[in-house]
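Notes follow the structure.
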Amino acid sequence: MSTPLLNVNGIEVIYNHVILVLKGVSLQVPEGRIVALLGGNGAGKTTTLRAVSNLLAGERGEVTKGSITLRDERIEKLSTADMVERGVIQVMEGRHCFGHLTIEENLMTGAYTRKDGKAAINATLEKVYNYFPRLKTRRTSQAAYTSGGEQQMCAIGRALMANPKMVLLDEPSMGLAPQIVEEVFEIVKDLNTKEGTTFLLAEQNTNMALRYADYGYILENGRIVMDGEAKALAENEDVKEFYLGMGGGDRKSFRDVKSYKRRKRWLA
Amino acid sequence: MGFFLETLFGGLMAGMLYSLIALGFVLIFKASGVFNFAQGAMVLFAALAMARFSEWIPGWTGIESRLVANVGAFLLAMALMVIVAWLIEKLVLGKLVNQEGITLLMATLGITYFLDGAGQTLFGSEIYKIDVGLPKDPLFLFESTFEGGVLIGKEDLYAAGIAAALVVVLTLFFQKTGTGRALRAVADDHQAAQSIGIPLSRIWVIVWSVAGFVALVAGIIWGSKLGVQFSLSLVALKALPVVILGGLTSVPGAIIGGLIIGVGEKLSEIYLGPMLGGGIEIWFAYVLALVFLLFRPQGLFGEKIIDRV
Amino acid sequence: QDKVQFFPSLTGRTGPVAPNATPFANGYADYMKLVNARGGINGVMTLVEECETAYATDRGVECYERLKGRHGGATVFQPLSTGITFALTEKIPNDKIPMITSGYGRSDSADGGVFKWNFPLIGHYWVAGDVVLQHIAKKEGGWDKLKGKKIAVVYHDSPFGKELLPIVQERSKMHGFEVQLLPVPAPGVEQKATWLQIRQQRPDFVIMQTWGVMTSTALKEAVATGYPRERMFGTWWSGAEPDVRDVGAAAKGYNAVMMQHGAEFDAPVVKEILEKVHGKGQGTGPREEVGTVLYMRGVVGAMLAVEGARAAQEKFGKGKPVTGEQARWGYENLNLTQAKLDSLGFKGVLRPISTSCADHMGSAWARVHTWDGSKFVWASDWLQADDQIIRPMVRASADKYAAEKKIQRRAPSDCQS
Amino acid sequence: MSSRKIGDIILDVQNISLAFGGVKALTDISFNVREHEIRAIIGPNGAGKSSMLNCINGVYQPQQGSITFRGKTFKHMNSRQVAEMGVARTFQNLALFKGMSVLDNIMTGRNLRMKSNLFWQALRWGPAEREEIAHREFVERIIDFLEIQAYRKTPVGRLPYGLQKRVDLGRALAMEPQVLLLDEPMAGMNVEEKQDMCRFILDVNDEFGTTIVLIEHDMGVVMDISDRVVVLDYGKKIGDGTPDEVRSNPEVIKAYLGTSH
Amino acid sequence: MLYRENGQFKTSYQADQQIFPISQDRLAIALLIAVAAIVVPAFASEYMFRAILIPFLILSLAALGLNILVGYCGQVSLGTGAFMAVGAYAAYNFQVRVEGMPLVASLLMGGVCATAVGVLFGIPSLRIKGLYLAVATLAAQFFADWAFLRISWFTNHSPSGSVSVGSLQAFGWRIDTPVEKYLFCLMFVVVFALLAKNLVRSAIGREWMAIRDMDVAASVIGIRPIYAKLTAFAVSSFIVGVAGALWGFVHLGSWEPAAFGIDRSFQLLFMVIIGGLGSIMGSFFGAAFIVVLPIFLNQALPALGSLVGLSISTAAVAHTELMIFGSLIVFFLIVEPHGLARLWSIGKEKLRLWPFPH
Ligand SMILES: Nc1ncnc2c1ncn2[C@@H]1O[C@H](COP(=O)(O)OP(=O)(O)OP(=O)(O)O)[C@@H](O)[C@H]1O
Ligand SMILES: Nc1ncnc2c1ncn2[C@@H]1O[C@H](COP(=O)(O)OP(=O)(O)OP(=O)(O)O)[C@@H](O)[C@H]1O
Ligand SMILES: [Mg+2]
Ligand SMILES: [Mg+2]
């Protein structure tokens, strides 16, 4: 394999000077692929994405060790705006829409960095509305007054407006209705195959993520504990049991798990 | 009646002058969510620069024309304000991305101290003069209708015109341009704005420069009215009720708020003041703003405060 | 070098009153340098250390605490702020340090029987108010001509501003003129309503108790509303060059009462300062400022401070520095005759000053000057405040203070030491 | 399932309509909740589910309709009254008190029951201290139950999302509610965590007999644990019944489930 | 290795809920109080007392009060000076009008009056929020400035509007010397700090913080915004009012409204923010920083100048002081937006981990 688009090499991240969150994470995202980053709550997925897009500073975090390269260029010192200029954009966890702006204005700000003219931008806008018709009907509402799911669509749509080369998607499925979740992943697939957009996807919905991703990393407690082709991961017994909820082959009813409880961690 | 009109006009004019300063507040708030207490200090700083440069330019260049001195001083002062904007972004705001409003507000108070000190160090602390040829003599209207006519300051009329023009331009800028939209986005959520590639630092330099420009204009007008001296920075206190009454995020609000406050405080001082012993206008302005806010907590034209779960 | 007489200087070189307070501090420092050039106080050199108050009371208090024990102890404080004066009045009796408040501070502190440590030498606000009114009455042709007239008082809305009011009200009761009170909130940059009221009410005269930027703002508003400057009378903190500089020719005709001196470019002491201090490159401020009104007020303040110490030396030992407590005796027993003043270089500037245990002011002379568009010129003869009116007011007010603070009037025996 | 005794109607929502300007968030919605049951509300994004909860607990005032709780009918209620009657809830977008520790967050849930006045609290002595400790004990039980002992004193803002959701639940539980409204309690969790969360919910329902109203997009969860399901679509009710009935309702399939489930 | 909580197990909730659960902290605070009450009086100079320690104590008290409002309840107020003024003038009036009123009672009554006014001006907070509220509270500031000048009853008809108090006496103890004044203030500060700490860790404190962090959620769990906000205004104004009375009675002795002007309000807000919002200890850090720094700069700059053979004029010192002061404020905000108290706790956290970095 040639050099990957994104290469994260043994990074450590510390918040607030004292809280060590990532303890040497390495991962590669090859151009034109979909890579999933899986792991439980607090594993450090968001932190990894923030490190890549350089959004750590605002959270008082910093990369203290390791390196991140994009097409062989060191990027730790760049600003987020520089990253967007290089085509890398992050969809932040927790929506973060601009509450006072309307849905359409939100989407339009996404095109802020584009230089290819009004017509092209409008075409993308139409494309986004096509992906998410619900947004079109709510286009003139202030984003703060739309429902959680609508905001999530807005955040994803806003990132797409920048016509990115690579998207860092943080929990895109959160709060979306099942069929929209499916649609979001279809959109990812679509963009990936049609436009060659690369995706790094932090997701809790392991099932979906592994269905659409090419490759996956599993993060636990700030360390990568397992990685492999998505298909292989989906077949892995541990993954099946703990991430897909299919211990022993079948999906267990949520009502039944209540009687017993186990936890397994690869690393204690 | 003539006197009432006179008070009314006087209030309107004073209000426009407040708006000029309020505009600076609104601009920065709208574009970065920062409540810039340093606006008053910026007005003083800009005015000091203007006054002193126009004094020095004839000496530097040997040209004794007032026009040259004023234009030159204006350009130099503007350049200085851009530098200030750049420094503020580099040294202060750039490092406080994503912090809470109150922290940012305190930082601007820090900037206030710095600018007060720097201004007086660079330019001195005496009273200086700005003379850009604004007419000082009063104008009398309706002299046939009312005894003594209705007095209006010509200087104030000019100032009002300039303020109105600035408001129109800035309103269009915010509502109609992509940059204006980006600025509003930044004010809503620094981090999200960053995440979609809005270069905060460049934007802030621009906004603070524009605010510096507004401060310079306000400084020139207020300075030629009052003389340029430390107290000029305190006129910002007169603009605060205007800002909240009009709405922190509304450019036209700054004007309407200014007019309401201006008229309200002058009328109150003249018709209510004598009953209460006088000197009430300063608190009356705030109480007036407070009363309006009780009905519209976001100010007359401000964006609704979002509060949703 | 160990034998110095220390004169602390509380300055206001920054902040809202800097343009006015800076020349004062410069004059104060320059005169002290002159005293040293003349050989000190019987050989004891003066030493000035400044502390910046920015006209804020709490900073003034800190400065006082900081300087009071320095360099062998402070001789006397001159805070140049009514607010600081009020605060220090409570502290100086404990510390046994006198305070000179020439022309400001508490008017009732002229009563040495209650205010043992305060010295409003050569004038306080009530003197200023009385003389202004006298001047107006004279111009009109007698007190009886004021009957039915209307006089507006534009004043800084603070104890400084309000301190003028009792005398004006007293006189209005006596002579039947009407008083219109127009307070202006600090810092005084917004006076539109005030002057619109004046325009409407058309008072015959306007008396201004203003300070700093407020004075020039008042003048500008007067220009803008067309109130004749000839009918405007400032008190002595409202009639100096910084107040009219930026109004220029438009202020022509504006009057202000002066605590004896005005701008004194020709006074011998000014020439001597130019020669012995500025001439040696030791001037504190710019040369042009020497002799201006507020500079002179600093010079006079310094002179009074020094002469008190000199008087104290006469009693407690010539050629030795005096303590603050000893200096207090000096200020209480000042006897500056005309000859003495002339020899100090104040010929034509000051009139004789003599204080006593009961009288901590020592002189109530004043003059009025007028701005002619480019400089101040004398517009009146020497006038003296009416002791018959002021003394009872001072006494009554001092008694009230004493009662509130539960302090006894000084016994005659206390006046001996 | 049969072991649990579903009781009478405890909460009855009648003909609720709610509009924001032109947006009709809810149109003439009626449904009821029986004591002890787990009642799910599902529907596409923007259907009005969260708005429905907001109406029930007094954050929004519906323009029309009324709500009957334990036999008492209300048109307008304020949040405090609702809380006093024993309705607690969690939020879709976390609404924790960010600057406070986990413990303090959950303790706020007990505030309604704390009676000592300001004066005693300032002295923290006598009754105030006893009260504080008694409630602390209760809260510790919740903390144990939710297995967040280790984070007791951590400011919630620093916790990962999933744990914050758990604290949110803890705060609601601390109110000892009779009816618990849960707005997407499992969003952003992986399967294992969802299993944990289900366990908590079922335990609460079983052991304390708490009635539960649940909004959730994970159909696996909804179908497995709920007794009855209401389906909303653009503010209208399009289905109501047992999971199986709903699952086979063509309108629901079309509007919400899609074909894959 | 010295600063560890290892081996300190809490066996009751009571023990766990102590203000300082770690025994080293308890020791440190006991030592601190001992030093403040015994060592400092023995060694500090009069200047230290009058110019630094007494203002520091009183302003810490005011900052503490303000911190309850701003830091705990999230209601930003720029009217603190006004509440101090109400405290001072009310205490003055009790003192001069009520025969035989004990000093401490006057001071506390000052606080009570400030409470009433604080609650009155707190009412708009039920509708007005955030910066709008902050600016609106300036109404209180300017109104108080005006009222105490204009309404001569408040100043016992003093013609200048300035008031002064006689010698102080409490519990038959004359408070004359700086040391006595210092100890008197210290007593107030310690007592109020303790009471305030108790409040903020009780139910009411949690209500305040809940309102601050997320008011809708707070009302959903049954917290009444009216009650929480108004009690915060009340408690805060009470403490601020007492501090104001102390400022007038003990520190100044005589004052005019300008002593409680808008600059004071800003100064206190600075203390609270630099010190740390929502931290009782932060109020002390902030007060120390804001009180001491300007004085230090003012004295250190000329000394520094003379070291390099420069004599700096008073004006230049004052201007440089402004610039450095402003820069340092910005600097500290950047280093730790949550204030010195947070810096302190990060320091402690590091110390706890020491010698390991994380
Ligand atoms: N701003 C911050 N300050 C301090 N600690 C933080 C901060 N942000 C995250 N953390 C901590 O870092 C760890 C990893 O958090 P992160 O948000 O990266 O996890 P995650 O894998 O995205 O989890 P989730 O699935 O819940 O979103 C968590 O333990 C969290 O408490
Ligand atoms: N306060 C409000 N102002 C204006 N519109 C609102 C408000 N609250 C909700 N809405 C609108 O009402 C509709 C229903 O919103 P609601 O939040 O109830 O949806 P939801 O069913 O919870 O969706 P989701 O599953 O995405 O959370 C949405 O279209 C939303 O935009
Ligand atoms: Mg995450
Ligand atoms: Mg919802």
Side-chain angles (χ1 to χ4, degrees), chain B residues 29 35 37-38 41 91-92 95-96 98-122 124-125 234 237 240-241 243-244 247-248 276-280 282-291 293-295 297-299 302 305 307-309, chain E residues 70 74 76 78-79 121 123-124 126-147 149-152 214-217 220 262 266 269-270 272-274 277 315-316 318-335 337-339:
Chain B
F29 188 83
F35 193 85
F37 254 102
L91 302 177
V92 186
K95 311 211 182 262
L96 285 171
N98 210 23
Q99 297 303 331
E100 282 171 41
I102 180 134
T103 307
L104 295 169
L105 180 144
M106 284 293 130
T108 66
L109 273 169
I111 296 173
T112 305
Y113 284 102
F114 187 87
L115 282 181
D116 283 347
Q120 294 186 71
T121 306
L122 290 175
S125 45
L234 302 178
L237 287 178
L240 289 180
V243 182
I244 55 168
L248 274 170
L276 297 173
I280 65 168
I282 177 96
W283 63 259
F284 194 86
Y286 281 93
V287 170
L288 192 65
L290 193 72
V291 169
L293 285 186
L294 286 179
F295 293 98
Q298 70 274 37
I305 297 162
D307 124 41
R308 213 194 140 196
V309 280
Chain E
V70 182
V76 183
L78 290 173
F121 278 96
I123 291 173
L126 302 177
R127 248 183 97 66
I128 307 173
K129 291 186 180 152
L131 291 168
Y132 286 94
L133 179 68
V135 176
T137 53
L138 281 174
Q141 180 67 55
F142 289 113
F143 184 77
D145 281 358
W146 175 87
L149 273 171
R150 191 67 63 245
I151 303 173
S152 65
M214 184 68 70
D215 51 359
V216 184
V220 165
I262 184 169
F266 279 123
L269 197 58
F270 263 129
V272 168
I273 289 172
I274 294 277
L277 283 172
H319 298 152
T320 317
E321 180 197 320
L322 276 178
M323 289 196 279
I324 297 183
F325 184 65
S327 313
L328 277 178
I329 283 172
V330 171
F331 173 78
F332 273 99
L333 287 176
I334 291 171
V335 170
H338 295 113

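Below, each value reflects all heavy atoms present in this structure, side chains not excepted, and no hydrogens, waters or symmetry copies. Lettering of chains follows the sequences in order, A, B, ..., and the numbering in each one begins at 1.
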Heavy-atom distance under 4.5 Å to chain B: side chain of E/Phe266, backbone, both or neither? side chain

Heavy-atom pairs under 4.5 Å with chain B - which of E/Thr137, E/Asp145, E/Ile334 has more of them than the others? E/Ile334

For E/Ile273, which atoms come within 4.5 Å of any heavy atom of chain B: side chain, backbone, both, or neither? side chain

Segment of E/Leu277 engaging chain B (4.5 angstrom heavy-atom cut-off): side chain

For E/Leu133, is it the side chain, the backbone, both, or neither that has a heavy atom closer than 4.5 Å to a heavy atom of chain B? neither

Between E/Ala139, E/Ala144, E/Gly339, E/Ala140, which shows the greatest number of heavy-atom pairs under 4.5 Å with chain B? E/Ala139

Tell me, out of B/Pro297, B/Gly279, B/Gly247, B/Ser125, who's got the most heavy-atom pairs with chain E below 4.5 Å. B/Pro297

Would E/Val76 and E/Leu269 count as a side-chain contact (heavy atoms from CB on, under 4.5 Å) here? Give the steps. CA-CA 9 Å; E/Val76 183; E/Leu269 197 58; 4.3 Å; yes

I want to know whether E/Trp146 and E/Phe143 have ring centres closer than 6.0 Å. yes

Counting heavy-atom pairs under 4.5 angstrom with chain B, the leader among E/Phe331, E/Phe142, E/Phe332 is E/Phe142

Heavy-atom pairs under 4.5 Å with chain E - which of B/Glu100, B/Gln99, B/Met106 has more of them than the others? B/Met106

Of the non-hydrogen atoms in B/Phe29 and B/Phe35, which two are nearest, and what is the gap between them? CD1-N, 3.9 Å

Among all residues two or more places apart in sequence or in another chain, which pass the side-chain hydrogen bond (donor to acceptor under 3.5 Å, both in side chains) test with B/Gln120? E/His319

Is the E/Phe270 ring parallel, tilted or perpendicular to the B/Tyr113 ring (thresholds 30°, 60°)? tilted

So OG1 of E/Thr320 and CZ of E/Phe325: to nearest 0.5 Å the spacing works out to 14.5 Å

Counting heavy-atom pairs under 4.5 Å with chain B, which one of E/Ile329, E/Leu126, E/Leu131, E/Ile151 comes out on top? E/Leu131

Please report the C-alpha distance between E/Leu322 and B/Thr121 in whole Å, then the side-chain angles of each, then the deciding distance to 0.1 Å, and finally whether the side-chain contact (heavy atoms from CB on, under 4.5 Å) criterion is met. CA-CA 10 Å; E/Leu322 276 178; B/Thr121 306; over 6 Å; no

With only heavy atoms counted, which part of B/Leu109 is less than 4.5 Å from chain E, the side chain, the backbone, both or neither? both

Please evaluate residues B/Leu240 and B/Phe37 with respect to the criterion side-chain contact (heavy atoms from CB on, under 4.5 Å), reporting the C-alpha separation (whole Å), side-chain torsions for both, the decisive distance (0.1 Å), and the verdict. CA-CA 9 Å; B/Leu240 289 180; B/Phe37 254 102; 3.8 Å; yes

With a 4.5 Å limit on heavy-atom distance, are the side chains of E/Val330 and B/Leu91 in contact? no

Heavy-atom distance under 4.5 Å to chain E: side chain of B/Ala289, backbone, both or neither? neither

Partner set under side-chain contact (heavy atoms from CB on, under 4.5 Å) for B/Leu234, not counting sequence neighbours: C/Pro187

Most heavy-atom pairs under 4.5 Å with chain B, out of E/His338, E/Gln141, E/Met323, belong to E/Met323

Give, as side chain, backbone, both or neither, the part of E/Val135 having an atom under 4.5 angstrom from any heavy atom of chain B. both

Pair count under 4.5 Å, heavy atoms only, with chain E: among B/Ile111, B/Leu288, B/Leu105, B/Ile280, highest is B/Ile280

